Amino acid sequence: MDRSLEYAQRLDAEDPLREFRGRFVIDDPDLIYLDGNSLGRLTHAAAARAQQTVREEWGSGLIGSWNRHWFDLPQRIGARIAQLVSARPHEVVVADSTSVNLFKLALAALRARPGRRQIVTDALNFPSDVYVLQSAAHCAGSEYQVIVVPSRDGMTVPLTDLQAAVGAETALVCLSHTTFKSAFVHDMAQVTALAHERGALTLWDLSHSVGALPIDLNGTDADLAVGCTYKYLNGGPGAPAFLYVREDLSAALQNPLAGWFGHAHPFGFALEYEPLPDARRFLTGTPPIVSLSLVEAGVDLVLEAGIERLREKSVRQTEYLVTLWRELLRPLGYTLNSPEAAASRGSHVSLGHPEGYRINRALIERMRVIPDFRHPDNIRLGVTPLYTTCVDIYRAVEALRKVAESRIYLDYSRLPSGVT
Ligand SMILES: *Cc1c(COP(=O)(O)O)cnc(C)c1O
């Protein structure tokens with residue numbers, strides 16, 4: 001392959017989505033930001049929206065803004081996200097954090113499958129999700145447990161390994177659709193079919209998928225899902241998350257943390273709880289309006305670009321990155337810690353190196369490249385097709401090459417520091 005900078009520039013010039021980069025606040029064009037899978041960039045639209053929400057809606061509109069702008073935001077933005085995940089509009093709402101939503105749905109699922117006492121997940125899941133599942137199991141009763149299916153290669157978990165674990169005791173199969181370390185993507189249709197065949201429900205964490213690749217919740221008959229809005233959806237730091245409950249299931253599921261926002265008549269102030277009929281019954285308390293309102297700007301931009309086109313670009317770019325790795329980085333001791341087949345890879349690429357931690361520090365502090373690091377040796381390079389360029393990828397690979405070849409990482413400590 002052509003390994004020149006000019007080639008990368010040509011790819012960018014031919015990119016049909018190239019105009020979208022201009023919709024983001026990019027204060028320093030030389031900073032190479034490959035961490036949009038952890039915290040998406042700020043859009044101009046979100047900055048304007050923040051001003052509007054704070055100054056006009058709150059400042060001028062005061063409490064009247066609840067009726068005029070705010071009260072239906074969780075479902076209004078949920079309906080937009082529904083378009084990205086192939087769900088019906090009333091099946092998705094925005095609320096709380098991914099962790100809290102995961103807890104609420106997992107516990108509700110356990111209670112909807114009495115007699116079955118296991119949650120099946122895998123070792124590639126986000127560890128915090130496993131803690132949450134353990135908490136839900138604990139609340140359900142001491143006889144409940146979480147089964148963690150191991151990964152043989154640290155990168156993938158094939159369907160056959162899940163088949164061996166899902167059985168008559170399984171109430172719920174809960175997985176990250178795209179796994180946070182290797183970017184391996186589970187086959188949602190096959191895993192869901194397996195769970196259903198054995199009488200279990202599925203709960204998907206879409207945090208590393210939504211906004212990066214098409215998701216077909218209705219088409220695969222998925223039961224439940226949660227996901228993050230501050231990664232590929234560019235909703236802003238700590239922005240509230242979303243949850244999905246398939247239409248025909250909601251009546252049978254009870255929110256274990258019921259509150260007035262999930263009530264059919266929140267302002268009736270009755271002491272009896274009467275849940276809303278759809279996914280909104282999983283709302284609990286007052287939403288964080290300022291950060292919630294920013295989510296809309298991020299979601300709208302993804303919808304405007306089109307998820308199919310974003311996925312095409314993401315595949316082109318991760319393929320480009322993997323090719324550069326093969327030709328330039330593999331000889332220097334970098335391993336590919338993500339699947340080689342684009343079809344089972346999300347939008348980030350993990351590279352391993354025994355000196356991964358120090359290399360990551362050198363990239364950030366010396367080379368002006370921002371990836372992130374995941375224990376024990378993963379340097380994650382997140383491709384965000386709305387704003388990542390092929391020149392970014394080219395420069396990041398050049399930096400990785402230089403840091404390893406010239407052993408620049410020797411200048412940095414192995415001791416961990418802060419958020420990675
Ligand atoms: C980012 C991420 C989360 C984050 O959860 P919070 O509640 O926002 O801290 C959870 N699960 C997965 C799989 C993630 O990638």
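Just so we're clear, the structure is a prediction, and the values are computed from it rather than from any experiment. Both ligands and their constituent atoms are indexed starting at 1 by order of listing.
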Is it the side chain, the backbone, both or neither of Thr98 that has a heavy atom closer than 4.0 Å to ligand 1?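 The part of Thr98 near ligand 1 is both the backbone and the side chain.
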Given that the side chain starts at C-beta and the backbone is N, CA, C, O, which of these parts of Phe180 lies under 4.0 Å from ligand 1, counting heavy atoms, or is it both or neither? neither
If you count the atoms of ligand 1 from 1 in the order shown, which ones are under 4.0 Å from a heavy atom of His208? 15 (O)
Just jot down the ligand 1 atoms closer than 4.0 angstrom to any heavy atom of Ser97, in number order. 7 (O)
Would you say the side-chain atoms of Glu91 and Asn218 include a donor-acceptor pair closer than 3.5 Å?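 The criterion, which ignores hydrogens and geometry beyond distance, is satisfied for Asn218 and Glu91.
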Whether the Asp278 and Ser250 side chains hold a donor-acceptor pair (N or O, under 3.5 Å, no angle test) is what I'd like checked. no
Nearest heavy-atom pair of Leu328 and Glu398: which atoms, and what distance? CD1-OE2, 4.3 Å
[atom] - nearest protein heavy atom and its distance:
atom	answer
atom 4 (C) of ligand 1	Tyr230 OH, 3.3 Å
atom 2 (C) of ligand 1	Lys231 NZ, 2.4 Å
atom 7 (O) of ligand 1	Ser99 OG, 2.5 Å
atom 12 (C) of ligand 1	Asp205 OD2, 3.3 Å

Quick one: CG on Leu34 to CZ on Arg395, what's the gap to the nearest 0.5 Å?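 Those atoms lie 12.0 Å apart.
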Quick one: sort the Phe373 and Tyr357 rings into parallel, tilted or perpendicular, breaks at 30° and 60°. perpendicular
Should the heavy atoms of other residues, nucleotides or ligands under 6.0 Å from NE2 of His44 be counted, would the total exceed 12?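 Yes, the 6.0 Å shell around NE2 holds more than 12 heavy atoms from other groups.
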Does ligand 1 have any atom that is closer than 4.0 Å to a heavy atom of Ser176?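 Ser176: in contact with ligand 1 (<4.0 Å).
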Should Tyr334 and Ile379 count as side-chain neighbours, where that means a heavy-atom distance under 4.5 Å?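 Counting from C-beta outward, Tyr334 and Ile379 do come under 4.5 Å.
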